[in-house]
Amino acid sequence: MTSLLLPLFLVLVGVAFWAGRMSVGGPTPVVAPAAAPRELAERDAFIEQLRELAWQHRDVAPELSTIIIDEITTHHRRLSGPDA
């Protein structure tokens with residue numbers, strides 16, 4: 001009985017090692033397709049509409065309006081990069 005424990009232990013260690021190696025690879029990540037130019041234009045128009053809405057109603061919540069406008073501006077600057 002004790003002579004079977006060592007081979008059983010080695011088999012279990014091997015299976016655990018193999019299972020661990022297989023779980024690291026995992027499925028390949030799915031890359032989202034690039035957005036169509038029309039979708040990008042619609043998104044940009046929506047963002048601009050949000051900016052205008054925040055500016056028009058800044059008297060209702062000035063802090064929130066400032067945060068929204070600053071976030072949109074910062075995001076646009078980051079996207080345009082230093083060379084734009």
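Quick note: numbers below take in every heavy atom, side chains included, and nothing from hydrogens, waters or symmetry partners.
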Problem set entry | Smallest separation among heavy atoms of Arg51 and Ile69, with atom names | O-CG1, 4.2 Å

For this session: Could you work out the complete set of other residues in the hydrophobic cluster of Leu40, with links drawn between I, L, V, M, F, W and Y side chains under 4.5 Å apart?
Result: none

For this session: If a pair satisfies salt bridge (Lys or Arg N to Asp or Glu O under 4.0 Å) and one of its residues is in residues 35-45, list it, with sequence neighbours excluded.
Result: Arg38-Glu42

Exercise. For the side chain of Arg77 and the backbone of Thr74, is there at least one donor-acceptor N/O pair under 3.5 Å apart?
Worked result: no

Problem set entry | Under 4.5 Å side-chain linkage, directly or through intermediates, the cluster mates of Val60 | none

Problem set entry | Members besides Ile68 in its Ile/Leu/Val/Met/Phe/Trp/Tyr cluster (side-chain heavy atoms under 4.5 Å) | Phe46, Ile47, Leu50, Leu64, Ile72

Seminar exercise, completed: Glu71 meets the salt bridge (charged side-chain N to carboxylate O under 4.0 Å, His left out) criterion, sequence neighbours left out, with none

Problem set entry | Non-hydrogen atoms of Ala54 and Ser65 that approach each other most closely | O-OG, 3.0 Å

For this session: State which residues pass salt bridge (charged side-chain N to carboxylate O under 4.0 Å, His left out) with Glu52; sequence neighbours excluded, sorted by chain then number.
Result: none

For this session: Could you pull out all residues at least two apart from Thr66 that satisfy side chain to side chain contact (heavy atoms under 4.5 Å, CB included)?
Result: Asp70

